[in-house]
Amino acid sequence: MTFRAGVVPRVLLALAALLLAAAPEAVRVVDASGCPPRDPRATAVYPITGYWINPRPDRCETREVVSAIRRLGGDTVITFGSRLTAVRADGAGRLFDARSGQADPAFAGCLDGGRPCYLAARDAVPGKEIRRVFTYVAPEHFGPDVLRCPGLDRRVRSGGRTYYRILLGASCSAGPFDLVLAVTDGDGIGNLLAEAAGHGMKVYPGLPAAPQDPVKPWLPHLPHLDALTAFTRRVLDDYRRRHGASPALAGVYQSFELAMRDRPDDDEVLALYRAQHAVAAAALPGRTIVVSPYWDARRERGFPPAEAGEGFAEIAATRAGAPMAIAVQDGRGTGKVPVYGPGQADERVDPRLEPVVGAVTYRQAYHGSTRDYVEAVASRPVPGVELWVNVELFEPTPVAGECSRTDPLPLRGRASKARVDSQIMAVGGYAAKIIAYRWEPFVVCRDDADSPSLGESVAAAWNDPLIVRAARSRVDGREGIQVQGHHLRGGTLRISYRQPGGATTVVTAAQERHTPAARPGGPETAWAPFTPAGLDPDHPWITVTAVNGAGRSSTAAHAFRG
């Protein structure tokens with residue numbers, strides 16, 4: 001069974017409405033917005049602190065989703081930017097996608113004074129050329145800094161929808177002009193900023209996404225870069241005026257992706273980043289630009305970990321002086337990068353990865369693990385840039401009976417909490433922040449009515465101990481192991497290693513020291529005494545799991561070289 005984006009929150013809201021309708025008038029509590037009051041409590045704090053979501057025109061639905069994210073310890077939401085799409089207009093004013101040739105249904109009903117919006121825009125600039133035409137499906141309302149040219153730019157209500165006519169030129173009187181026709185069904189970004197502020201959370205709205213190259217759609221179409229930057233400038237100037245005082249507006253998100261590896265100087269995506277990030281840095285000074293590149297460890301088409309550090313530096317160089325967070329996609333969900341520990345390279349790949357790389361070993365299929373890649377990048381820090389990690393909350397392909405993503409393609413399967421725990425353990429020792437793709441459908445979908453969603457599984461076991469780093473450590477002259485992670489306090493460490501000759505030894509040691517996290521949900525440390533009775537030089541790995549004072553156990557072991 002599959003839930004499309006937004007279905008679960010709507011179901012929850014409908015159930016709440018039914019309960020309230022059946023309740024006495026005295027318990028029907030709503031606030032001035034007409035929505036149930038906010039609940040900003042973080043009751044099940046998990047190490048993932050941010051999620052991608054869809055902006056919603058419905059204020060109450062937005063509140064429900066933001067509250068649900070906050071309950072799991074989330075403090076950040078990110079949205080994708082809508083794409084600025086190049087179109088062509090015929091003599092009747094109809095618009096056709098420049099790449100596909102298909103008529104654009106979102107703008108077929110755009111009439112301005114009874115005339116198609118394109119023809120009305122042409123009439124507004126008599127004797128001047130409209131050089132290019134673009135469409136934009138906006139998840140928000142626009143204000144005066146977008147509609148800045150009186151008589152040219154305007155808001156149009158047509159067929160129950162809101163359209164915007166935006167003419168981009170050297171000035172409001174000097175052509176030629178580029179025309180952007182935008183349509184919106186509500187102020188999703190405005191709702192999101194208001195609700196995030198009320199929950200003490202941050203938002204990174206997506207920058208307008210670049211038009212795609214007509215031949216290579218994975219690349220931006222650079223001949224339209226000037227129009228994109230002009231439109232981006234108007235949108236962000238409008239953000240500064242209308243939302244600049246909001247504590248929730250933390251920055252913007254760059255929606256166009258690229259592989260984080262060494263790239264040529266004339267790379268098209270880096271050219272896009274330089275141009276659009278310069279606009280963002282000027283329009284929203286001091287606010288952060290978030291980028292989420294990917295890496296690929298597959299031997300037949302990917303690249304080794306050493307290249308990732310160079311790619312990190314090249315992306316960082318596009319920030320135009322603004323703070324930047326590079327939130328690298330961990331790659332486990334797509335199957336491009338595996339999660340495995342030291343000493344496991346010659347084990348067979350996880351069965352969920354076999355549709356991507358075949359029934360082979362990790363060493364045969366991949367250049368390295370997630371930990372290898374994130375460690376390589378963390379070893380080359382760049383001032384002003386934070387390393388975040390974007391963990392992918394899905395499997396490469398679905399299996400029968402599993403809720404999954406059906407739109408857009410490709411199909412994706414559902415991850416378990418234990419699998420997500422392993423992703424966090426692989427990157428948590430290096431990432432300044434862990435975020436995840438994405439809330440819907442992967443956190444909220446259920447296989448059936450009786451099975452929990454991933455979000456419900458997390459809420460039920462949010463305090464399972466997760467170890468992200470471990471090392472042998474002496475304290476007061478005593479040998480031991482120090483671990484760093486989440487929800488470690490109290491309890492024991494279970495330590496396993498191989499002795500010379502191949503015998504496996506397992507030791508359980510009580511924690512004797514604990515350093516709490518500096519912030520809620522942050523990493524903490526614990527220490528327990530331990531002295532190995534010799535390590536096998538051919539297998540010098542120590543694995544450790546934890547049982548905390550609440551009786552919760554690690555779902556996977558952390559391995560390190562002893």
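Values below: all heavy atoms of this structure, side chains included; hydrogens, waters and symmetry mates excluded.
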Considering all heavy atoms, the nearest [X]-[Y] contact:
{"X": "Val385", "Y": "Ala316", "value": "CG2-CB, 3.7 Å"}
{"X": "Ala327", "Y": "Val290", "value": "CB-CG1, 4.4 Å"}
{"X": "Leu411", "Y": "Pro398", "value": "CB-CD, 3.8 Å"}
{"X": "Ala376", "Y": "Pro305", "value": "CB-O, 3.6 Å"}

Which residues satisfy the side-chain hydrogen bond (donor to acceptor under 3.5 Å, both in side chains) test with [X], sequence neighbours excluded?
{"X": "Arg165", "answer": "Asp112"}
{"X": "Ser246", "answer": "none"}
{"X": "Glu392", "answer": "none"}
{"X": "Ser422", "answer": "none"}

Filter on salt bridge (Lys or Arg N to Asp or Glu O under 4.0 Å), then keep only pairs touching [range], sequence neighbours left out; what's left?
{"range": "residues 200-218", "result": "none"}
{"range": "residues 217-231", "result": "Arg131-Asp226, Arg132-Asp226"}
{"range": "residues 35-53", "result": "Arg38-Glu195, Asp39-Arg41"}

Name all residues meeting the salt bridge (Lys or Arg N to Asp or Glu O under 4.0 Å) criterion together with Asp237; count only those two or more places apart in sequence or in a different chain, and write none if there are none.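 Salt bridge (Lys or Arg N to Asp or Glu O under 4.0 Å) check on Asp237 returns Arg148, Arg240.
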
Going by salt bridge (Lys or Arg N to Asp or Glu O under 4.0 Å), name the residues that satisfy it together with Arg319, two or more places apart in sequence or in a different chain.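 By the salt bridge (Lys or Arg N to Asp or Glu O under 4.0 Å) rule, Arg319 matches no residue at all.
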
Given side-chain contact (heavy atoms from CB on, under 4.5 Å), test Phe312 with Met260 step by step and report yes or no. CA-CA 6 Å; Phe312 187 89; Met260 198 170 79; 4.0 Å; yes

Tyr46 six-ring face occupied by Arg71 cation (under 6.0 Å, within 45°):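 So Arg71 doesn't make the cation-pi contact.
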
So, the side chain of Tyr273 versus the backbone of Phe256: is there a donor-acceptor pair under 3.5 Å, distance only?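 Confirmed, Tyr273 side chain pairs with Phe256 backbone.
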
Is the Tyr204 ring parallel, tilted or perpendicular to the Trp388 ring (thresholds 30°, 60°)?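 Because their plane-to-plane angle is over 60°, the rings of Tyr204 and Trp388 count as perpendicular.
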
Among residues at least two apart in sequence or on other chains, which ones pass ring pair (Phe, Tyr, Trp, His ring centres under 6.0 Å) with Tyr164?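 If we apply the ring pair (Phe, Tyr, Trp, His ring centres under 6.0 Å) test to Tyr164, skipping adjacent residues, the hits are Phe142.
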
Who pairs with His221 by ring pair (Phe, Tyr, Trp, His ring centres under 6.0 Å), at least two apart in sequence or on another chain?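 His224.
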
Between Asp330 and Gln423, a side-chain donor and acceptor under 3.5 Å: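 There is such a pair (donor and acceptor under 3.5 Å, judged by atom type) between the side chains of Asp330 and Gln423.
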
Going by the rule side chain to side chain contact (heavy atoms under 4.5 Å, CB included), which residues pair with Ala306 if we only count those two or more places apart in sequence or in a different chain?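 Testing Ala306 for side chain to side chain contact (heavy atoms under 4.5 Å, CB included), a comparison that skips the adjacent residues, returns none.
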
